[in-house]
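Reviewing the structure listed below.
Every number for a ligand or one of its atoms is a count from 1 in the order of the listing. Below, each value reflects all heavy atoms present in this structure, side chains not excepted, and no hydrogens, waters or symmetry copies.
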Amino acid sequence: MTPGKSPSLTMLGTGTSMGVPMIGCDCAVCTSTDPHNHRYRSGVLLEAPGGNLLIDTSQELRLQLIRAGVHQLSGVLYTHAHADHIMGLDDLRIFGFRQKGPIPLYCEEVVESAIRRTFSYAFLQSETLHSKPQLEFRRVAAEPLQVCGLNIQPIRLIHGTLPILGYRIGNVAFCTDVSHIPDESWGLLRDLDVLILGAIRHEPHPTHFSVGQALEVIAELRPRKAYLTHISHTLEHTETNRHLPDKVELAYDGLRVML
Ligand SMILES: [Zn+2]
Ligand SMILES: [Zn+2]
Ligand SMILES: [Zn+2]
């Protein structure tokens, strides 16, 4: 973070797992010239007093970090290990060279196992430092984490049948890839200034909230502002916003929220 700048959260990617535009799709959203309809896969940048943090590393991580002008990285928080949330991890190599040390990855054990399997070369002694990202794992549990001067509260969410994590930083919460909020998590989502909540499309989906389901959650939690994210190509930015309730909007790549 530049000295004197306030802590913030920037949406690096607001698209669903296939991204928008989707390969080979000629629909009005995929061919739109409005940049709000161009959605990289899911990602968040936290600019904190003690450095920059990411939530997840999507396939477009390199493009996201160039676009956001990120020069330094102090760690990555993971929500879960689906491809659209981890497959850009190799792009962390540059920070290992520059900063001459491993990048801490904050995650649950199941996510660490998936990363070790998927990126096995990164953990082989035989690989030279130039050919692998330098990483170290830090365990995330139910307790809040203190990282880079931020107090970060993990929040249990359910994604289909998979337990995953959302994160609350101060009065801002980021909850993507969610189809059910367990009883114990509702209390952690009260009194929010901003809730960023996954909502993939209008039609029901087995592992994600629809727009209607997300709006029910928002009506119950009553954050001061809510943004929907992890958006498919079926939701046109301006048209969808026109029909959303007051204080609810679609998120878009580059959206910045103060922490
Ligand atoms: Zn996803
Ligand atoms: Zn399309
Ligand atoms: Zn997922």
Side-chain angles (χ1 to χ4, degrees), residues 9 11-45 54-61 63-64 76-89 91 105-115 117-119 140 154-167 173-182 185 195-211 213-214 217 227-240 250-253 255:
L9 177 158
M11 298 301 290
L12 298 178
T14 56
T16 188
S17 59
M18 291 188 187
V20 183
M22 209 164 71
I23 296 169
C25 185
D26 300 320
C27 81
V29 176
C30 288
T31 56
S32 167
T33 53
D34 180 352
H36 294 97
N37 284 321
H38 294 194
R39 300 167 184 140
Y40 284 162
R41 264 66 72 91
S42 190
V44 163
L45 167 67
L54 298 174
I55 303 179
D56 295 335
T57 51
S58 87
Q59 292 95 330
E60 277 107 17
L61 188 67
L63 299 171
Q64 291 173 340
V76 182
L77 302 153
Y78 281 99
T79 60
H80 66 302
H82 281 164
D84 55 321
H85 298 260
I86 67 166
M87 290 306 284
L89 178 140
D91 289 341
L105 307 182
Y106 298 85
C107 63
E108 295 189 281
E109 191 173 3
V110 60
V111 174
E112 175 177 341
S113 305
I115 289 175
R117 258 193 332 273
T118 311
F119 298 91
V140 175
I155 299 166
R156 174 63 69 213
L157 304 171
I158 306 297
H159 177 24
T161 56
L162 183 71
I164 69 159
L165 290 176
Y167 293 100
F174 175 73
C175 299
T176 190
D177 290 56
V178 50
S179 56
H180 173 69
I181 300 176
S185 298
L195 171 62
I196 303 161
L197 184 63
I200 195 164
R201 63 189 190 195
H202 287 299
E203 298 71 34
H205 188 285
T207 61
H208 295 271
F209 281 144
S210 64
V211 171
Q213 289 168 324
V217 170
Y227 292 101
L228 305 180
T229 191
H230 212 282
I231 309 160
S232 84
H233 71 142
T234 60
L235 299 178
E236 201 282 327
H237 185 80
T238 307
E239 182 58 22
T240 305
L250 291 189
Y252 53 88
D253 291 21
L255 171 68

Exercise. Side chains of Asp34 and His237: donor-acceptor distance under 3.5 Å anywhere?
Worked result: no
Exercise. What is the ring orientation for His230 with His85, classed by angle as parallel under 30°, tilted 30 to 60°, or perpendicular over 60°?
Worked result: parallel
Exercise. Looking from the Zn ion (ligand 2), what is the angle between ND1 on His233 and SG on Cys30, to the nearest 10°?
Worked result: 110°
Exercise. Can you tell me if His85 has an N, O or S atom under 2.8 Å away from the Zn ion (ligand 3)?
Worked result: no
Problem set entry | His80, N/O/S atom nearest the Zn ion (ligand 3) | NE2
For this session: Write the atom name of the N, O or S atom in His159 that is nearest the Zn ion (ligand 3).
Result: NE2
Exercise. Under 2.8 Å from the Zn ion (ligand 3), is there an N/O/S atom belonging to Asp84?
Worked result: no
Problem set entry | Presence of N, O or S from His208 under 2.8 Å of the Zn ion (ligand 3) | no
Exercise. Looking at His82, which of its N, O or S atoms is the nearest one to the Zn ion (ligand 3)?
Worked result: ND1
Problem set entry | Which atom of Asp177 approaches the Zn ion (ligand 1) most closely (N/O/S) | OD2
Exercise. Counting backbone and side-chain atoms alike, does His230 have an N/O/S atom under 2.8 Å from the Zn ion (ligand 1)?
Worked result: yes
Exercise. Do you know which two heavy atoms are closest between Cys27 and His233, and how far apart they sit?
Worked result: SG-ND1, 3.4 Å
Exercise. What is the SG(Cys27)-the Zn ion (ligand 2)-SG(Cys25) angle, to the nearest 10 degrees?
Worked result: 110°
